[in-house]
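To start, the structure itself, in structure tokens.
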There are 2 protein chains.
Amino acid sequence: MTQENFKSPLLTVDSVLFTIKDNSLKILLLKRKNSPFQNSWALPGGFIDVDKDGSAEDTACRKLTDKTGVTPPYLEQLNTFSSKSRDPRGWSASIAYFALIAHEETNLDVTPRNDESAQWVDVESLMDETANYQPLAFDHQQIFQFALERLKQKALYSMLPVFCLPKEFTLGEYHTLIEIILGKSIQKKTLYRRFEASNMFEETGETLATGARAAMLYRLKEDAELVNFERNLG
Amino acid sequence: MTQENFKSPLLTVDSVLFTIKDNSLKILLLKRKNSPFQNSWALPGGFIDVDKDGSAEDTACRKLTDKTGVTPPYLEQLNTFSSKSRDPRGWSASIAYFALIAHEETNLDVTPRNDESAQWVDVESLMDETANYQPLAFDHQQIFQFALERLKQKALYSMLPVFCLPKEFTLGEYHTLIEIILGKSIQKKTLYRRFEASNMFEETGETLATGARAAMLYRLKEDAELVNFERNLG
DNA sequence: CAAATAGTGTCTATCAGACAGTATTCG
DNA sequence: CGAATACTGTCTGATAGACACTATTTG
């Protein structure tokens, strides 16, 4: 029995790219130009190009770089969503990726597109069924929710969310970020302890003043490995 | 731009099915009957049948049920492995699943196949490069190692490994299982505390005697949900 | 009673949570 | 100096690790 006996499913790649902007968590959405789901908002992604892409991760990276102008500092595979009904064109599978970036590092701020084809969309507005709500294309709502759960889970036991922040950032910014992701308040002391224990960061020597006492700026160490902790936050 | 512009990658499903047998952790391997990798050992899996399978999980389940006679009590998606080079027939992706079962519940013990086409293979022997070692087909070694890491990780913070045990089991059996998976000794007390705290199990009323004092037998409660703990083991 | 296996009591170590205290900067 | 923001000291509470203790069964 060989693959010639089988109709081939469609295979695509989609990514959920998170950032923190204007004190809220957002993901990148694109307006679809083509059928199916023409003019609906959708996750960045598309078909694998077997000539260009060595792997599905290459496809994810290529699509994200196309849209943002930069390669996200964090990208991991999320899950593959497959079914006979998720795409009206037939049996299909989408290999979904989960990525983080600082919006300041992308070109989406400096060149806001006139046609509004790409937007950072507030995660809260996507969760709120009662809002002025347009459903996302395909099963992208489900993929987004899966990604959000993963981000929340990892925020409990790793330093991963720092990849939503720009290259230089303060402990206060990190604290705010974690509280936004988890949707509840977390003791500063707890985060500061973990931040130090991770040994992933170094002081830049610069400080950032926003009102009163200036906060120390930190950056990732060159050789930093992402640290996981043995316990979860509350 | 539509999918007609793209050559379609091959899409398969493969599963890593773990069990505990003869005091060691084993996975199910099948001897390939066809090219490529004819006569090599491989993970159970194959092409998606878009007529039979509603989703990739259906494919995984169908293949495992074919081989073992039963549906595994635990099945989750692991990761999708894709590249232009993992299959000599061309660009391919395999959606890999991770499953657990008690070998006693399968028909592989009662009807050992004469042709030796299906075998429980010791995980240690697969890790040991120096042993009389035949490489697995495709990138199945890599998939297996990914699955083993996941199992070890989940053993640290959840009760998941119980699905390697038969429907009725003792705390001693659970203790032995965890020590085999983690490859190190764990305090009985710690596991017993978690076992109780999980509230997932109930006494059967029966006991099992193997030498001296008889051990209480436990089974999963009907409505039991898999519990995750806030801290990792050692 | 000795040996073997099952299961418990209890102390310590670690780290998250709570929260008050000190430090720095601006007006 | 007071207000605002940044950061630290230190106590409490929860739970994993260590390990000695008790319980049950067989011979």
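Values below: all heavy atoms of this structure, side chains included; hydrogens, waters and symmetry mates excluded.
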Write down the distance between [atom1] ([X]) and [atom2] ([N]), rounded to a whole number of angstrom.
| X | N | atom1 | atom2 | answer |
| --- | --- | --- | --- | --- |
| B/Q187 | C/dT12 | CD | P | 16 Å |
| A/K188 | C/dA18 | NZ | C1' | 13 Å |
| A/N228 | C/dC15 | CG | P | 15 Å |
| A/Y192 | C/dA16 | OH | P | 16 Å |
| B/E203 | C/dA6 | CD | P | 15 Å |
| B/L182 | D/dG17 | CG | C1' | 14 Å |
| A/E196 | C/dC15 | CD | P | 13 Å |
| B/F229 | D/dA16 | CZ | C1' | 12 Å |

Closer than 4.0 Å, any side-chain N/O of B/R194 to the OP1 or OP2 of D/dA16?
yes

Does B/T210 have a side-chain nitrogen or oxygen under 4.0 Å from the phosphate oxygens OP1 or OP2 of C/dT5?
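So the side chain of B/T210 is outside the cut-off, no N or O lying under 4.0 Å from OP1 or OP2 of C/dT5.
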
Can you tell me whether the side chain of A/R193 and the base of C/dG17 have a donor-acceptor pair closer than 3.5 Å?
yes

Can you say whether a donor on the side chain of B/K189 sits under 3.5 Å from an acceptor on the base of D/dG17, or the other way round?
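When only heavy-atom distances are counted, B/K189 does not reach the base of D/dG17 through any donor-acceptor pair under 3.5 Å.
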
Stepwise, does the side-chain hydrogen bond (donor to acceptor under 3.5 Å, both in side chains) test hold for A/S55 with B/S82?
CA-CA 5 Å; A/S55 67; B/S82 67; 5.0 Å; no

Do A/N199 and A/K221 pair up side chain to side chain, a donor and an acceptor below 3.5 Å, judged on atom types alone?
yes

For A/G234, report the nucleic acid contact type (base, sugar-phosphate, nothing); a contact means any heavy atom under 4.0 Å.
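Sugar-phosphate contact only.
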
What contact category does A/L233 fall into here, base, sugar-phosphate, or nothing, at under 4.0 angstrom with non-hydrogen atoms?
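Sugar-phosphate, backbone atoms only, no base.
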
Whichever of B/A212 and A/Y218 has its nearest DNA chain D nucleotide further upstream toward 5'
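Taking each residue's closest nucleotide, the earlier one in sequence belongs to A/Y218.
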
Residue whose closest nucleotide on DNA chain D lies nearer the 5' end, A/A215 versus B/R231:
A/A215

Which residue lies more 5' along DNA chain C, comparing B/M216 with A/R213 via nearest heavy atoms
B/M216

Contact nearer the 5' end of DNA chain C, comparing A/T190 with B/T170
B/T170

Mark yes or no for whether A/D128, through its side chain, and A/S125, through its backbone, hold a donor-acceptor pair below 3.5 Å.
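Side chain of A/D128 to backbone of A/S125: no pair is present.
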
Given the side-chain rings of A/F18 and A/F163, with only the six-membered ring counted for Trp, is the space between their centroids under 6.0 Å?
no

Just one of B/F169, B/Y192, B/Y174, B/Y218 clears the ring pair (Phe, Tyr, Trp, His ring centres under 6.0 Å) bar with B/F201, so which one?
B/F169

